[in-house]
Q: 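Here you go, one structure.
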Amino acid sequence: MEEVQQMVDEVIQAIISGVKEVINLGGTKVVIPGNFAIGCMPIYLSAFETNDPNMYDELQCLKGLNGFATYQNVRLQEAIKDLQTQYPIVAIVYADYFNALKGLLQNVASNGFAKGEVQKTCCGIGDNKYNFNMTRMCGNNGVPVCHDPSKLVSWDGVHMTQHAYRVMAKGLFKQIVQGISNQV
Ligand SMILES: *[C@@H]1O[C@H](CO)[C@@H](O)[C@H](O)[C@H]1NC(C)=O
């Protein structure tokens, strides 16, 4: 974890330099998304699966990876604050993808997802409880697709289903519009 944390500065710098480029091209409203709660994604849940219950949080996500995503998101938000002071007439808004995914996972039933299947991929092959196999991912020959993708959160272990993105977008859109209107 310490090793990957050292890479975060470089990642944040790349994001900020990309945003500056957009602003220099004339952008006046910029949305910068943070990272998802990656400890909840089947690809990482499979890669780092462990019998130690202390490694999982209340949503059965990997604490270490969610902690890492949070670490990067906090650094990103600090960098956005700095950037905002450098460009006071540009509206720069952080989009909280991390909590969008966590919020969705906390309310799976009310969002129409199948309970108990939350961490399974729709497109994948069922060697483990996440329906994910790194060497036989979605798109490989013979890898099946579930009957109803809208009941599941994860499409292929890395990307979410359209339904999951729709649920998250609803909340994020409100947040983004609110954030921009507070700044213009
Ligand atoms: C993934 O699929 C390969 C190829 O079918 C198989 O050999 C391997 O055992 C599977 N891995 C897991 C973790 O089940």
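Ligands are counted one by one from 1 in listed order, and the atoms in each one are counted from 1 as well.
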Q: Using a strict cut-off of under 4.0 Å between a residue heavy atom and any atom of ligand 1, list the qualifying protein residues by chain and number.
A: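 Close residues (ligand 1, cut-off 4.0 Å): D127, N133, T135, R136.
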
Q: Treating Y130 as the side-chain partner and I43 as the backbone partner, does any N or O pair qualify as donor plus acceptor under 3.5 Å?
A: no

Q: Keeping D96 on the side-chain end and N99 on the backbone end, is there a donor-acceptor pair under 3.5 Å?
A: yes

Q: Find the distance between NZ (K120) and OG (S154) and round it off to the nearest 0.5 Å.
A: 12.0 Å

Q: Has T161 got a side-chain atom pairing as donor or acceptor with L152's backbone, closer than 3.5 angstrom?
A: yes

Q: With a 3.5 Å distance limit and no angle check, can you tell me whether N66 reaches the backbone of G39 through a side-chain donor-acceptor pair?
A: yes

Q: Between C146 and C122, is the SG-SG gap under 2.5 Å?
A: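 A disulfide is present here, as the SG pair of C122 and C146 is separated by less than 2.5 Å.
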
